[in-house]
2 protein chains.
Amino acid sequence: MITTRKTNKRQLILEEAAKLFKQKGFSGTSMRDLAGEVGIEAASMYNHIKSKDEILELICFRVSSTYISQLAEIEATAAPYVEKIKSLIRLHIRLMIEDGAAVSVGNHDWKYLREPALTEFKQARKQYEKGFAALIEQGIAAGEFQPVNVSVALFTILSAVRWVELWYRPGRELSAEELEDNIITMLLTGLEKK
Amino acid sequence: MITTRKTNKRQLILEEAAKLFKQKGFSGTSMRDLAGEVGIEAASMYNHIKSKDEILELICFRVSSTYISQLAEIEATAAPYVEKIKSLIRLHIRLMIEDGAAVSVGNHDWKYLREPALTEFKQARKQYEKGFAALIEQGIAAGEFQPVNVSVALFTILSAVRWVELWYRPGRELSAEELEDNIITMLLTGLEKK
DNA sequence: AATTATAGCAAACGAATGTTTGTTAGTTTG
DNA sequence: CAAACTAACAAACATTCGTTTGCTATAATT
C-alpha cells in the first residue's frame, strides 16, 4: 500500500462525480452534493482534487482517450471494414454498459469544460470522428457499404448507440451481447425487409 | 392587437430560454442570463412568467404535445407501415430543424422538471414511445419489417434522429430533404451493401 | 379626464454556490 | 521521539442564484 490511500479517495470522488453529473448535470451538481455521496465534507474534497472543473476534465479526457486508443487498435487490425465497424459499435455499447456514467459525462457535460480544456476535448472528439468516418469511407470505396453520405452514416451510428445509456439496465430482457447483435443488425441491414 | 403585447414578450422569453437551455443547460442558465438575452432586467420577467420552472414546463409540454398529436395524425392515415415510420422519421428531423432548441430541451432538460410535471412529462413520453413501438410491431407482423427487437428498433430510430440537433446547420452540404432521405435510407436499408 | 392595468426598473431577500482558511487529529518518515 | 505530511472538519469567504418588493412611467379602459 504505497499510494492507494490518496488514489482511492480521488478515484471514488471521480466515480461518484460521474454518476451525479450524469444524473443532474454538471451545473446541477454541487460540491456539497458530491461530498455527501463520497461521505466527507465539501471542504475535504479539496485535499484530493484541485477544483470542480478539474473533476470534469479528468472524467472527460479519460473517456476520450479510451475511445481514441481503442479506435487505433481496431484500425490496425486486418479485417473487412464491415468487421471494423461492427467492432466499433460493440466498443461503444460495451463502454456504455461498463462505464456509462463517465461516457454520459463525455457525451453531455463536456460543454462545461473551461478553456483550454474545451478546445482540446473538441479536437480529440473531432479526431475520433475523422478516424471513424475514414473507415466508413474506405468501406464504401471497397464496395462493402452502400454509397450513403458518410457524415450521416457516422452520426447515425454514434447516436444510435447513445440511447443504451438511457435505456439499458443489466438483467433486462436482453443481455449485453444480444443488445449488441440487435443494434448491429439494425444499423447494418436496416429495419426494412427486402 | 388585443393580447399580442403580453403574449409576444412571453413568447420571446420562451424562445430565448429554449436557446439558452440548449446551449448551457437548465441549471447553467440564470434568470439574469435569460433576461439579458430578452433585453430586460431579471425582475421584469416575472411580469410575464411565474417562475423559471414554469418556463421549462411550458417548453417541454409544448414539444411533447406536438409529437403526440402528430403521431395521432400519422396513425390515422391508411398507408403501409414503412410509410408511417418514414413519416415519423421525417417529422422528427423536421421538428429538430425548425424548432431545434425546444426539442433539445425536451430531450435533455426535462429531467429538471419538478413534480408533478416531471411524472406527467415522463408519461407523455412513454405514451408516445408506446404508439411508435406499436407501429413497428404491426409492421413486423405485416411482414414489412425484419423481426428485430422492437425496443431496439424504436430507440435506435429515436436516437439516430437526435444528432441532427448537434450537427445540422441550414445551408450545410445537405438540404433538409436530402438529410431526411439519407437518414431514412440508413435506418431502413442499413449501411451494408447486400 | 380619471382610473386601472401593464411592464419596466433598482434594490434587496435568503439560500446556495465553489472555494479558502485555520485547525486538529492520526499517520508516515527522518 | 520528533518532524512532516495527510485528510478530515467547521467556519467563513465573496459571489451568484431565483425571487419579492416597492416604485414609476406609459398605455388601455371607462
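Here the structure is a predicted model, which means the values were calculated and not measured. Proteins come first, then strands; the chains are lettered A, B, ... in the order of their sequence lines, and each starts at number 1. Both backbone and side-chain heavy atoms feed into the values below; hydrogens, waters and symmetry mates do not.
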Handout entry: Close approaches to DNA chain D from residues 26-34 of chain B, in residue order (heavy atom, under 4.0 Å)
Key = B/T29, B/S30, B/M31, B/R32
Handout entry: Pair A/E173, B/N149: side-chain N/O donor-acceptor within cut-off below 3.5 Å
Key = yes
Practice task
Test the B/K52-B/F26 pair against the cation-pi criterion, namely NZ or CZ under 6.0 angstrom from the six-membered ring centroid and within 45° of the ring axis.
Solution key: yes
Practice task
Tell me whether the OP1 or OP2 atom of D/dA8 has a side-chain N or O from A/H48 closer than 4.0 Å.
Solution key: yes
Fill in the blank from the handout: Per the under-4.0 Å heavy-atom filter, residues of residues 105-117 of chain A near DNA chain D come out as none
Fill in the blank from the handout: Regarding the side chain of A/E41, the nearest nucleotide among D/dA10, C/dG8, D/dT19 is D/dA10
Handout entry: Check: A/Y67 main-chain N/O paired with A/Q70 side-chain donor or acceptor under 3.5 Å
Key = no
Exercise for the section: Would you tell me if any nitrogen or oxygen in the side chain of B/S44 comes within less than 4.0 Å of OP1 or OP2 on C/dA7? Expected result: no
Exercise for the section: Before accepting this row, confirm whether a basic side-chain N of the pair B/K86/B/E180 lies closer than 4.0 Å to the acidic partner's carboxylate O. Expected result: no
Exercise for the section: Tell me whether the OP1 or OP2 atom of C/dG8 has a side-chain N or O from B/K9 closer than 4.0 Å. Expected result: yes
Problem - Polar side-chain atom of B/Q127 near backbone of B/G131 as donor-acceptor pair, under 3.5 Å - result: no
Handout entry: Any side-chain donor near an acceptor of the partner, A/E165 and A/S104, under 3.5 Å
Key = yes
Handout entry: Main-chain N/O of B/F145 paired to B/Y81 side chain as donor or acceptor, under 3.5 Å
Key = no
Problem - Salt bridge present between B/K19 and B/E16 (N-O < 4.0 angstrom) - result: yes
